[in-house]
Amino acid sequence: QRPAHALNEAHSAGMDIIIKEGLANGRALNHPKLLELSEELECSQDQLALWAVLSQPFRPRVLSGAVSAEQLRSNLGAGYATTVTANDRDGTGSPMGVEEKLTS
């Protein structure tokens with residue numbers, strides 16, 4: 001979240017934003033809040049983490065770093081995290097409370 005302002009400005013200026021290591025080489029996948037929330041949403045940790053990156057307003061492209069077909073299949077399910085709570089929306093296109101739960 002720290003570079004969000006600069007990334008939003010870059011996007012507004014027409015720059016294409018590419019996020020490398022959106023999963024922090026797997027380190028992010030063991031964060032307790034991510035584990036808890038992915039269980040609650042019934043999706044994998046990598047799917048939720050990628051969703052969190054992809055849902056940013058600066059519309060990034062993300063290099064997931066998948067090194068196997070299994071990892072790639074799981075990563076491609078990141079869209080699942082955006083639809084799993086379709087009945088629990090706040091009008092912003094994202095599940096209510098997910099951002100707050102991940103950042104609090």
Enquirer: Closer than 3.5 angstrom, by distance alone: can the side chain of S74 be matched with the main-chain N or O of E70 as a donor-acceptor pair?
Expert: no
Enquirer: Atom OG in S12, atom CZ in F58: separation rounded to 0.5 Å?
Expert: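 Going from OG on S12 over to CZ on F58, the span is 11.5 Å.
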Enquirer: Report the distance from atom CG of D46 to atom CG of L23, rounding to the nearest 0.5 Å.
Expert: 6.5 Å
Enquirer: So how far is it from Q56 CD to H11 NE2, rounded to the nearest 0.5 Å?
Expert: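 The CD atom of Q56 sits 11.5 Å away from the NE2 atom of H11.
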Enquirer: Measure the shortest side-chain to side-chain distance between P60 and L7 over non-hydrogen atoms and say whether it is less than 4.5 angstrom.
Expert: no
Enquirer: Testing the basics here: between A66 and N75, what is the closest heavy-atom pair and its distance to 0.1 Å?
Expert: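 Taking A66 first and N75 second, the nearest heavy atoms are CB-OD1, 3.5 Å.
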Enquirer: Just so I know, are the side chains of L35 and Q45 near enough to count as touching, which here means a heavy-atom distance under 4.5 Å?
Expert: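 In contact.
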Enquirer: Any chance you could measure E36, atom CD, to L41, atom CG, to the nearest 0.5 Å?
Expert: 10.5 Å
Enquirer: In Å, rounded to the nearest 0.5 Å, how long is the span from CG of L37 to NE2 of H31?
Expert: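 If we round to the nearest 0.5 Å, L37:CG and H31:NE2 are 11.5 Å apart.
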Enquirer: Would you say the side-chain atoms of Q47 pair up with the backbone N or O of C43, donor to acceptor, closer than 3.5 Å?
Expert: no
Enquirer: Heavy-atom distance under 4.5 Å between the side chains of R61 and D16, does that happen here?
Expert: yes
Enquirer: With rounding to the nearest 0.5 Å, note down the distance linking CD1 in I19 to CG in L50.
Expert: 11.0 Å
Enquirer: Connecting only ILVMFWY residues whose side-chain heavy atoms lie within less than 4.5 Å of each other, what is the rest of I18's hydrophobic cluster?
Expert: L63
